[in-house]
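One structure follows; several queries about it will come next.
Atoms considered below: every heavy atom in the structure, side chains included; atoms not considered: hydrogens, waters and symmetry mates. Just so we're on the same page: letters track the sequence lines, and every chain starts at 1. Bear in mind the structure is a predicted one, so any value in this text is a computation, not a measurement.
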2 protein chains.
Amino acid sequence: MAKNIQSLERAAAMLRLLAGGERRLGLSDIASSLGLAKATAHGILRTLQHEGFVEQDPGSGRYQLGAELLRLGTTYLDVHELRARALVWTDDLARSSGEAVYLGVLHQHGVLIVHHVFRPDDSRQVLEVGAMQPLHSTALGKVLAATDPVAHAELVDAKREPFTARTVTELDEIERTLDLTRAQGYAVDNEETLEGVAAVAAPIYDRRRLAVGAVGITGAVERVCRDGELRPELIAAVRDTARSVSRDLGAKPF
Amino acid sequence: MAKNIQSLERAAAMLRLLAGGERRLGLSDIASSLGLAKATAHGILRTLQHEGFVEQDPGSGRYQLGAELLRLGTTYLDVHELRARALVWTDDLARSSGEAVYLGVLHQHGVLIVHHVFRPDDSRQVLEVGAMQPLHSTALGKVLAATDPVAHAELVDAKREPFTARTVTELDEIERTLDLTRAQGYAVDNEETLEGVAAVAAPIYDRRRLAVGAVGITGAVERVCRDGELRPELIAAVRDTARSVSRDLGAKPF
DNA sequence: GTGCTCCGTTCGACAATGCTAAACGCTATC
DNA sequence: GATAGCGTTTAGCATTGTCGAACGGAGCAC
């Protein structure tokens with residue numbers, strides 16, 4: 001396979017570094033973190049700044065992510081076919097289930113949330129579009145890993161963090177869970193990612209029957225579970241929504 | 001001044017092209033649009049795809065914006081200091097005014113919305129974070145142009161489109177409006193951008209008294225105007241919010 | 001079914017660019 | 001006042017990015 005362009009790879013690494021923990025980084029920190037000469041790092045930053053991908057704080061001279069990323073990220077959402085097709089169905093699912101709805105796709109080592117409908121009540125909620133979720137513990141992640149070989153490989157290679165006492169991290173047990181997900185057509189997260197929170201998700205297919213994403217709901221276990229299991233009517237609603245979106249994407253019903 | 005890195009400039013141009021009208025573009029279209037050889041464009045796209053900034057549709061071979069842009073764009077928002085400081089105040093403003101609240105910063109030739117609080121009612125609303133607004137007709141834009149010389153230069157250089165019959169496009173008249181904005185500390189958009197919609201915005205300053213953004217409210221003229229003018233209590237509320245955010249950013253009150 | 005056009009992709013030669021050591025001016029610290 | 005380390009700039013050079021040519025494949029017209 002042909003090589004990639006080195007300066008583009010370095011620029012991408014720089015943007016990811018700036019997206020890490022620290023809000024702003026100095027040029028020397030960036031250079032040393034990436035093993036580059038200061039002049040090299042400076043040339044890349046100067047170009048990224050000119051294009052709006054990076055901004056420099058005039059006072060301290062440090063660099064941070066730039067506004068052009070927000071603009072392009074928003075455009076990514078605007079033209080995202082799966083999301084566009086799912087918009088109506090996910091509003092309906094939030095209304096009928098009374099819970100928060102999420103739409104996720106595989107991105108790098110996890111699930112990227114591309115749509116989020118707030119739980120239809122008056123509580124204060126935070127929009128999670130753009131957030132990443134793990135593959136091994138979340139309902140969305142298990143669905144993607146069960147239906148998409150690339151996602152499966154990412155899950156296998158990843159470090160599986162035990163977020164709660166109920167998080168499954170053993171690969172054998174996870175594989176059995178994925179087999180069950182394939183058989184029953186949905187996955188469940190019963191306090192594996194957050195204590196007190198449960199979720200259910202189902203896969204969305206395109207016209208070639210390839211999995212392209214997953215839709216799910218999330219809520220407090222007191223509301224979404226009964227006798228320690230996800231409420232069947234919620235599972236049915238999520239699967240109905242997934243089928244509807246799949247049909248809109250051209251997938252033939254079996 | 002030193003030159004920027006050509007391949008990074010080309011990559012940025014490619015991403016902006018993909019963010020334009022068409023959802024997906026073919027390699028040959030991209031190459032000819034940017035005046036590049038196909039092999040050159042292909043090398044850049046291959047690298048952008050590897051880094052997640054671009055995705056290729058397996059069926060048609062065409063290219064579109066990638067998910068990494070959403071992730072980085074969201075991180076830009078998460079670490080944006082102005083937005084972080086403004087979050088609480090803008091929620092209060094939406095409640096007290098009963099209207100939608102926007103927070104904008106200068107980006108390229110316009111106003112980039114970095115925060116948007118929905119009007120506190122049950123109507124269906126679309127999140128506009130990431131959207132661009134023009135400088136010449138919007139309240140946010142006029143505030144930025146009145147307080148930030150860079151924004152002012154962008155407004156002067158830009159093509160001033162008449163969105164409604166009330167849009168002011170003559171530079172002399174706009175300069176008088178900006179003088180008024182500086183004098184009174186706020187700007188108004190009375191059906192200049194959208195018919196039936198009015199807005200008011202005020203500037204936000206940092207600790208060096210530099211304008212770093214603007215906050216405003218937008219609503220139907222029937223609600224936000226009285227006798228053809230913006231309601232004074234709404235103007236006062238917006239200006240109070242702008243002062244509060246400015247103080248949080250370290251600006252001393254005069 | 002055949003021929004044609006144009007697609008995205010690959011390869012290798014080469015010239016232009018990106019890389020970087022060194023030096024600079026500036027600021028903060030001691 | 002001296003020092004350290006910051007971001008920035010310059011010039012030389014080696015490596016990389018560019019691109020012409022060719023390829024296999026898909027779609028379309030006849």
Distance, rounded to the nearest Å, where Leu36(B) contributes CG and dC19(D) contributes C1':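 Going from CG in Leu36(B) over to C1' in dC19(D) covers 10 Å.
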Of the listed nucleotides dG8(C), dT20(C), dT8(D), the one nearest the side chain of Thr40(A):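 Nearest nucleotide to the side chain: dT20(C).
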Nearest listed nucleotide, side chain of Arg46(B), among dT17(C), dT20(C), dT10(C):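 The nucleotide sitting nearest to the side chain is dT10(C).
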Spacing between Gln64(A) atom CD and dG7(D) atom P, to the nearest angstrom: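 Distance, rounded to whole Å: 14 Å.
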Whole angstrom value for the distance that separates P of dC19(C) from CD1 of Ile5(A):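 Roughly 11 Å, once rounded to whole Å.
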Distance below 4.0 Å between Gln6(A) side-chain N/O and dC19(C) OP1 or OP2: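 For dC19(C), OP1/OP2 do have a side-chain N/O of Gln6(A) under 4.0 Å.
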Residue His42(B), side-chain heavy atoms: nucleotide from dT10(C), dC19(D), dT9(D) that is nearest: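 In terms of side-chain proximity for His42(B), the closest of dT10(C), dC19(D), dT9(D) is dT10(C).
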Arg24(A) with Glu81(B): basic N within carboxylate O range, under 4.0 Å: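 Yes, this pair counts.
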Sugar-phosphate, base or nothing in reach of Arg10(A), heavy atoms under 4.0 Å: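 Sugar-phosphate contact only - Arg10(A) comes under 4.0 Å of backbone atoms but never of a base.
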Atom pair CD (Gln64(B)) and CG (Leu18(B)), whose distance is rounded to the nearest 0.5 Å: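 It comes to 8.5 Å.
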Among dT8(D), dG8(C), dT20(C), the one nearest Leu27(B) by side-chain distance: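 Among the listed nucleotides, the one closest to the side chain of Leu27(B) is dG8(C).
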Check: Glu161(B) main-chain N/O paired with His136(B) side-chain donor or acceptor under 3.5 Å: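 Yes, because the side chain of His136(B) sits within donor-acceptor range (under 3.5 Å) of the backbone of Glu161(B).
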Sugar-phosphate only, base, or nothing, as touched by Gly43(B) at under 4.0 Å among non-hydrogen atoms: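 Here Gly43(B) touches no strand at all.
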Closest to side chain of Ser7(A), choosing from dC19(D), dC19(C), dC6(D):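 Among the listed nucleotides, the one closest to the side chain of Ser7(A) is dC19(C).
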From dT18(D), dC19(C), dC6(D), nucleotide with atom closest to Ser28(A) side chain: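 For Ser28(A), the side-chain atoms sit closest to dC6(D).
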Exam field: side chain Arg160(B) to backbone Pro134(B), donor-acceptor pair closer than 3.5 Å: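 No.
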Phosphate OP1/OP2 of dT9(C) contacted by Gln56(B) side-chain N/O (<4.0 Å):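 Yes, Gln56(B) has a side-chain N/O under 4.0 Å of OP1/OP2 on dT9(C).
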Shortest side-chain distance from Ala37(A), nucleotide among dA21(C), dT16(D), dG7(D):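 Within the option list, the nearest is dA21(C).
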Side-chain (Ser32(A)) to main-chain (Asp29(A)) donor-acceptor, under 3.5 angstrom: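 Checking the backbone N and O of Asp29(A) against the side chain of Ser32(A), a donor-acceptor pair under 3.5 Å is found.
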Separation of atom CE in Met14(B) from atom P in dG17(D), rounded to whole Å: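 For the pair Met14(B) CE and dG17(D) P, the rounded distance is 14 Å.
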Proximity to the side chain of Lys3(A) - top-ranked nucleotide from dT16(D), dG8(C), dT17(C):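 Looking only at side-chain atoms, Lys3(A) lies closest to dT16(D).
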